[in-house]
Structures are given as structure tokens and as C-alpha cells.
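Only one structure is covered here, and it is reproduced in the block below.
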Amino acid sequence: MKRIFRRFPLLLLLSLCFTITGCGGDATDLLAYQAREMRLAVSYERGGVTYAGEVWLAAGGEGRDLTVTYTSPETVRGVCYGRTNGTVSASYGAHTVAADEDTLLPLSLFSIPRDAKVMSIDKTEEGRTAVLAKGETVYTLRFRGDGEIPYFLSCESGGAYLALTVEKDLSSALGSAE
């Protein structure tokens, strides 16, 4: 019996190490959705204004082709921003002009670095919340139930905060399984 009690601190230490290591684990499974083609209805706030639009993301990850066509507010309704082969442009009707990569900043939340470390995963009856970190940047992803695509994505880095809500997954129109 004394032998078990002498080894208890070692067993406790090993158990804590496995727990800590598990929290700093690989984010590959959590970020699997980033590799596939998606069509989503999203919204986000920037500069005190709430924007909504339909987003198309090509299969891939960081730097992939994408478009966002705004549905609101009324001042940008119908404006489309996109990146094709690394070139960013804005278009409205038949008019297209070069645009700055910054206009696509909210969509960068769909390109979380694959080597980000999982800091925590909290599960509830409604779903799960995952917190990931890459350097000083902290990402939060909220999933409904066992869903694969997060409905809320945020990023905090150097005092700057960015968040985006997925209102609806429109990917079924692409023929992909949900």
C-alpha cells in the first residue's frame, strides 16, 4: 500500500502532463472544414456597421480564391469583392477595379493556420467552443452540436478583434454533403 502512495505524486504529474499536452494539441480535425469548397451566408461588424453577404470559398486554405457578394447594408448591396489567382478586385455590375487585400480581412477567419495549437475545447448540450492559438493570436470557434463548420469565428491579436457569424451553410447547392 505504501508503494502506491509513494508513486501517487508521479502518477498525478504524468496525468497533468497528458492533460496539458492534450490541450496544446493539433488543430487539424477542428480546421478540416477549411480545406473544402464552401458557400455561406455570413455577417460581421466592422467600423460600427454590420455587413452581410454570400461568400464562396474555393477548396484550399490560405490564399485560396474567394468572393463575397454583399446583401447589406444597402450602400454596398450587390458589390462583389474577390480574390482570383492572388489578385483582389471589386466589382459592381460590369465595372471591376483593383482592391486592397484588407477588404477581405473578415474572410481570413476561414484561413486559420493549421499549426495553431488547441488551447481548450468546451462541450455543452448546444455544441462546442474551441480556442486555438498561434503565437499571440487567439482564435475562438463555436460549433453547433457535432457540426463541422463553425457558426461563429473570432480572432484577437495585439488588441485588434475580428468576428464573423455564419448565418447559413449554402454549400448544399454545390452538391457537397452536410
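If you read the sequence from its start, that first residue is 1, and numbering goes on from there. The figures that follow rest on heavy atoms only: side chains count, while hydrogens, waters and symmetry mates do not.
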Notebook entry, point to check: Looking only at heavy atoms, what is the nearest atom pair of L164 and P106, with distance?
Noted result: CD1-O, 3.7 Å

Note to self: With a sphere of 6.0 Å drawn around CG of D146, does it hold more than 12 non-hydrogen atoms of other residues, nucleotides or ligands?
What the structure shows: no

Margin query: To the closest 0.5 Å, what do you measure between CG (L66) and OG (S111)?
Written below: 7.5 Å

Next item on the list: Kindly give the heavy-atom pair with the smallest separation between G145 and R128, and that separation in Å.
Entry: O-NH1, 3.3 Å

Notebook entry, point to check: Given side chains that start at C-beta, do those of W56 and D65 come closer than 4.5 Å, heavy atoms only?
Noted result: yes

Notebook entry, point to check: Do the side chains of F143 and L30 get nearer than 4.5 Å, heavy atoms only?
Noted result: yes

Next item on the list: Look at the rings of Y81 and Y70 and say which category their plane angle falls in: under 30° parallel, 30 to 60° tilted, over 60° perpendicular.
Entry: perpendicular

Checklist line | Heavy-atom check, side chain of D102 versus side chain of V88, under 4.5 Å | finding: no

Notebook entry, point to check: Looking at CG of D169 and CD1 of I149, how far apart are the two atoms once the value is rounded to the nearest 0.5 Å?
Noted result: 4.0 Å

Checklist line | Flag side-chain contact, heavy atom, 4.5 Å: L57 against L40 | finding: yes

Margin query: Minimum heavy-atom separation for A90 and A99, please, with both atom names.
Written below: N-CB, 3.9 Å

Check: Counting only heavy atoms not in E45, do more than 12 sit closer than 6.0 Å to its CD atom?
Finding: yes

Next item on the list: Please check if the side chain of R77 supplies one atom and the backbone of T71 the other of a donor-acceptor pair under 3.5 Å.
Entry: yes

Margin query: What's the separation between atom CZ in R142 and atom CG in L153, rounded to the nearest 0.5 Å?
Written below: 10.0 Å

Note to self: Between R64 (side chain only) and Q34 (backbone N and O only), is there a donor and an acceptor less than 3.5 Å apart?
What the structure shows: yes

Item checked: Nearest heavy atoms of V49 and P73, plus distance in Å -> CG1-CG, 3.9 Å

Checklist line | Non-hydrogen side-chain atoms of S108 and L162 separated by less than 4.5 Å | finding: yes

Next item on the list: Please check if L31 and F152 belong to a single hydrophobic cluster, counting links between Ile, Leu, Val, Met, Phe, Trp and Tyr side chain heavy atoms closer than 4.5 Å.
Entry: no

Checklist line | Gap between atom OG of S43 and atom OH of Y51 - 0.5 Å precision | finding: 13.0 Å

Check: Linking I/L/V/M/F/W/Y whenever their side-chain heavy atoms sit closer than 4.5 Å, directly or via other members, would Y33 and L107 fall into one cluster?
Finding: yes

Check: CD/E136 to CD/E156 distance, rounded to the nearest 0.5 angstrom?
Finding: 11.5 Å

Next item on the list: With side chain to side chain contact (heavy atoms under 4.5 Å, CB included) as the test, would you mind laying out the steps for C155 and T137 before giving the verdict?
Entry: CA-CA 7 Å; C155 169; T137 305; 3.4 Å; yes

Checklist line | Spatial distance of atom CD1 (I112) from atom NZ (K134) [nearest 0.5 Å] | finding: 12.5 Å

Notebook entry, point to check: Where the side chain of E148 meets the backbone of A32, is there a donor-acceptor pair that is under 3.5 Å apart?
Noted result: no

Next item on the list: Output, in order, the C-alpha distance, side-chain angles, deciding distance and verdict of side chain to side chain contact (heavy atoms under 4.5 Å, CB included) for R46 and L105.
Entry: CA-CA 10 Å; R46 196 166 183 192; L105 186 60; 3.8 Å; yes

Next item on the list: For residues E37 and S171, report the shortest heavy-atom separation together with the two atoms involved.
Entry: O-OG, 4.3 Å

Next item on the list: Start with the C-alpha gap between V55 and L170, add the side-chain angles, then the distance that decides, and say whether side chain to side chain contact (heavy atoms under 4.5 Å, CB included) holds.
Entry: CA-CA 9 Å; V55 173; L170 306 169; over 6 Å; no

Checklist line | Which atom of S154 lies closest to which atom of L109, heavy atoms considered | finding: C-CD2, 3.8 Å

